[in-house]
Novice: 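One structure follows; several queries about it will come next.
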Amino acid sequence: RHFLAHEPVTARPPGTLYRLSKFVRKNRAASLATALVLLSIIAAAIVSTAMAIREGKARSAEASQRQRADAATRETRRAFSHSDLLSAENHLAQGQPGNAVAFLARALRTDPENDAAQRKLLNTLARFSFPQPTREPFRLDDRPSLLALDPGGQRILATSARGQAVLLDQANGNLLTEIHFPATGYTPSATNLKLTHLALATKQGLIHHYELTSGSLIASYQVPDPVLLRSLALSPSGTALYSASHDGGVRAWSPKNQVPLWTYRHTERAVCLDVSTDGSRLLAGFGDGSVALLDTGTGKLLAQKKCHSAIIVQIKFLPGSGRFATASWDSTARIWNSANISPVTPPLRHDKAIYHLSVSPCGSRIATSSYDKTARVWDTFTGALHGQPLTHRDHVYFSNFSPDGSRLVTASRDRTVRLWDPYRGKEISAPIHHNEATASALFTADGLHLVTTSRDRDLNHWDITPRQAASLAFPHKNPV
């Protein structure tokens, strides 16, 4: 413009924008392509940044949600673990340590950080015994009918309903003597305290009398006019034998005679027998609830009384006290003075029929087992109940005191054998489980082992050595 107007022209060096504009004019296509590429790169960067921000927010939300879910899961696991801990404490309060250990183990599997469950489990394992089998079971040929141990604890005697009798070494389970008496179904049997003699019989009244160590047959007897034979008893020496049958007859037998030495007859069936420790007197219980005290030498009736309103299922002399105990299906047990059969205690009551009666070594207590699913321990002088009823889940068939009288073992139809502190009414061991209903259980002489039988025909031997409570210390973060 200045040139056309003939005016002075002002000049300056070319700038960056000037050079760039000249370059773009000369290279329009290349410049457009470059601009498009740059715009694409910028757009991609913006989109990537936006997506990264969105993904970060999503990840943060997911992590937060996962944390909330994990917290909820931990809370649920803690709740279930705490519930199992409470169940374990309830079982411990009921004297069931085996069940308590199971709940505590599940509590720790659910929440390994449950410190309270850890402490409870360790203390429970330290306080209670958990019986272990010492060897393979000995198999009988039928369900067991009699289980006995000699006073020294060296030998075990077991008989079966099919007439098998085995004498085993208690220490190693080796078979010492085996007798096979041809019988089926119910087979009455009896032995003396020292396990020197054995009597086996059929229901029809055929009785075999054996010398147990050798297994030799001493004599064979037949009850006249065969009737259902219910019970047998042997004298302390094992040479004299007594039988009770459903014709009401109580009979005495001797190897020197094939016929009864004497017979006492009652109007109702004779059910159970027991011989005094000196062998001079015989107690007989009958189906109408009556008891007869007889002289073993002559069969003379010394005393008689109707003691219960139903069948007497078991009768036993109490050691050295001039007393005896009876148990009946009228749901009561009683303690009696043997001189005149006068009551010493009031009726010792269960809720249902009593099945079995056992006496403590000193005779100051008895244990009764009942169809009401309990065993109960009673004072034989006052009739007072010791502790609480010892509860199973089904009928209790058998009970027996330890040699020192401090423990009681019970056997039940619920397929368990249980060990108890009979004075506190608390279980002191995990239950010993069997495949069928348990029939009987006896302590060995040292009190450290248990022999059990069940309807699965097995004779089992268990180690029940009491465990000493350990002193367990647990650190705390703060002062206690």
Novice: Spell out, as yes or no, whether a donor-acceptor pair under 3.5 Å connects the side chain of S328 to the backbone of I312.
Specialist: no
Novice: For N435, check side chain to side chain donor-acceptor pair (under 3.5 Å) against everything at least two apart and list the hits.
Specialist: none
Novice: Under the rule for side-chain contact (heavy atoms from CB on, under 4.5 Å), what residues qualify as partners of E113, not counting sequence neighbours?
Specialist: D111
Novice: Between atom CG of L234 and atom CG of L198, what is the distance when rounded to the nearest 0.5 Å?
Specialist: 7.5 Å
Novice: Short question: side chain of D274, backbone of F317 - any donor-acceptor pair under 3.5 Å?
Specialist: yes
Novice: Can you check whether P361 reaches P403 side chain to side chain, under 4.5 Å on heavy atoms?
Specialist: no
Novice: Is any side-chain heavy atom of I156 closer than 4.5 Å to a side-chain heavy atom of T444?
Specialist: no
Novice: Quick check: do I464 and R407 have side-chain heavy atoms less than 4.5 Å from each other?
Specialist: yes
Novice: Give a yes or no answer on whether the side chain of S412 reaches the backbone of H392 with a donor-acceptor pair at less than 3.5 Å.
Specialist: no
Novice: Minimum heavy-atom separation for R323 to I335, with atom names?
Specialist: NH1-CG2, 4.1 Å
Novice: Would you say the side-chain atoms of H350 and S331 include a donor-acceptor pair closer than 3.5 Å?
Specialist: no
Novice: Evaluate side chain to side chain contact (heavy atoms under 4.5 Å, CB included) for L385 paired with R376, printing each intermediate quantity in order.
Specialist: CA-CA 7 Å; L385 176 67; R376 307 185 187 201; 3.7 Å; yes
Novice: Taking A327's backbone N and O only, do any of them form a donor-acceptor pair with Q314's side chain (distance below 3.5 Å, no angle check)?
Specialist: no
Novice: Assess, by modelled atom type and distance only, whether the side chains of S81 and N114 contain a donor and an acceptor separated by less than 3.5 Å.
Specialist: yes
Novice: Considering only heavy atoms from C-beta outward, does the side chain of T196 approach that of L212 to under 4.5 Å?
Specialist: no
Novice: Can you confirm whether L104 sits close enough to K120 that some side-chain heavy atom of one is under 4.5 Å from a side-chain heavy atom of the other?
Specialist: yes
Novice: Passes salt bridge (Lys or Arg N to Asp or Glu O under 4.0 Å), D394 versus K373? Steps please.
Specialist: CA-CA 5 Å; D394 211 328; K373 304 179 184 180; 5.6 Å; no
Novice: Show your working on side chain to side chain contact (heavy atoms under 4.5 Å, CB included) between D421 and R424 and close with a plain yes or no.
Specialist: CA-CA 6 Å; D421 178 338; R424 294 187 300 123; 2.9 Å; yes
Novice: As an exercise, state the distance from SG of C272 to CG of L283, rounded to the nearest 0.5 Å.
Specialist: 9.0 Å
Novice: Please name the pair of heavy atoms, one in V166 and one in L175, separated by the smallest distance, quoted to 0.1 Å.
Specialist: CB-CD1, 3.9 Å
Novice: Before accepting this row, confirm whether a basic side-chain N of the pair R59/E62 lies closer than 4.0 Å to the acidic partner's carboxylate O.
Specialist: no
Novice: Please name all residues satisfying ring-ring contact (aromatic ring centres under 6.0 Å, His included) with W378, sequence neighbours left out, ordered by chain then number.
Specialist: none
Novice: Do you see a donor-acceptor pair shorter than 3.5 Å between the side chains of S160 and D141?
Specialist: yes
Novice: Just by modelled atom types, is the L86 backbone N or O under 3.5 Å from a matching donor or acceptor in the N90 side chain?
Specialist: no
Novice: Do side-chain atoms of Q65 reach the backbone of A63 as a donor and acceptor pair under 3.5 angstrom?
Specialist: no
Novice: Could you report the tightest heavy-atom contact between A107 and A117, atom names first, then the distance?
Specialist: CB-CB, 4.2 Å
Novice: Less than 6.0 Å separating the ring centroids of H356 and W329?
Specialist: no
Novice: Looking at A161 and S145, what are the two nearest heavy atoms and their distance?
Specialist: N-OG, 4.2 Å
Novice: Please tell me whether T73 and R77 have a donor and an acceptor in their side chains that are separated by less than 3.5 angstrom.
Specialist: no
Novice: Below 4.0 angstrom, N of the basic side chain to O of the carboxylate: do K352 and D372 qualify?
Specialist: no
Novice: Under the criterion ring pair (Phe, Tyr, Trp, His ring centres under 6.0 Å), I'd like the reasoning laid out for W462 against H434: C-alpha separation, chi angles, the key distance, then a yes or no.
Specialist: CA-CA 12 Å; W462 307 87; H434 294 70; 5.8 Å; yes
Novice: Above 12 or not: heavy atoms from other molecules or residues under 6.0 Å from CD of Q388?
Specialist: no
Novice: In terms of side-chain heavy atoms, does S189 have a donor or acceptor partner in T159 at a distance below 3.5 Å?
Specialist: yes
Novice: Any heavy-atom pair between the side chains of V291 and I315 that's under 4.5 Å?
Specialist: yes
Novice: Decide whether T410 and S399 meet the rule of one side-chain donor and one side-chain acceptor closer than 3.5 Å.
Specialist: no
Novice: Taking ring-ring contact (aromatic ring centres under 6.0 Å, His included) as the definition, give me every residue that meets it alongside H386, ordered by chain and number, with sequence neighbours left out.
Specialist: Y423
Novice: Do T34 side-chain atoms and A30 backbone N/O form a donor-acceptor pair below 3.5 Å?
Specialist: yes
Novice: Can you find a side-chain donor-acceptor pair between T326 and H308 that sits under 3.5 Å?
Specialist: yes
Novice: Without swapping roles, check the side chain of S370 against the backbone of T374 for a donor-acceptor pair under 3.5 Å.
Specialist: no
Novice: Please check if any side-chain donor atom of S364 sits under 3.5 Å from a side-chain acceptor atom of T380, or the reverse.
Specialist: no
Novice: Minimum heavy-atom separation for L273 and A233, please, with both atom names.
Specialist: CB-CB, 3.9 Å
Novice: Does anything in residues 447-458 form a salt bridge (Lys or Arg N to Asp or Glu O under 4.0 Å)? List the pairs, not counting sequence neighbours.
Specialist: R139-D458
Novice: Once salt bridge (charged side-chain N to carboxylate O under 4.0 Å, His left out) is applied, do any residues pair with D150, and if so which ones, sequence neighbours excluded?
Specialist: R155
Novice: I need the L419 CG to E427 CD distance, nearest 0.5 Å.
Specialist: 8.0 Å
Novice: Going from NE2 on H395 to OG on S369, what distance comes out if it is rounded to the nearest 0.5 angstrom?
Specialist: 12.5 Å
Novice: If you define the side chain from C-beta out and look only at heavy atoms, does anything of R365 sit under 4.5 Å from F401?
Specialist: yes
Novice: Verify the distance criterion only: is there a donor paired with an acceptor across the side chains of H208 and Y210 at less than 3.5 Å?
Specialist: yes
Novice: Would you confirm whether the ring centroid of F103 sits within less than 6.0 angstrom of the ring centroid of H91?
Specialist: yes
Novice: Strictly distance-based, threshold 3.5 Å: is any side-chain N or O of S83 a donor or acceptor partner for the main-chain N or O of A79?
Specialist: no
Novice: Roughly how far, to the nearest 0.5 Å, is the CZ atom of F80 from the NE2 atom of H82?
Specialist: 13.0 Å
Novice: Would you say the side chain of S440 lies within less than 4.5 Å of the side chain of Y397, judging by non-hydrogen atoms?
Specialist: no
Novice: Closest heavy-atom contact between L168 and G173?
Specialist: CD2-O, 4.0 Å
Novice: Do you see a donor-acceptor pair shorter than 3.5 Å between the side chains of Q170 and H461?
Specialist: yes
Novice: Does a sphere of radius 6.0 Å around CZ in R78 hold more than 12 heavy atoms from other residues, nucleotides or ligands, not counting ones at 6.0 Å or beyond?
Specialist: yes
Novice: Whether the side chain of E55 engages the backbone of A50 through a donor-acceptor N/O pair (distance < 3.5 Å, no angle test) should be reported.
Specialist: no
Novice: Working to the nearest 0.5 angstrom, can you tell me the gap between L157 CG and L176 CG?
Specialist: 11.0 Å
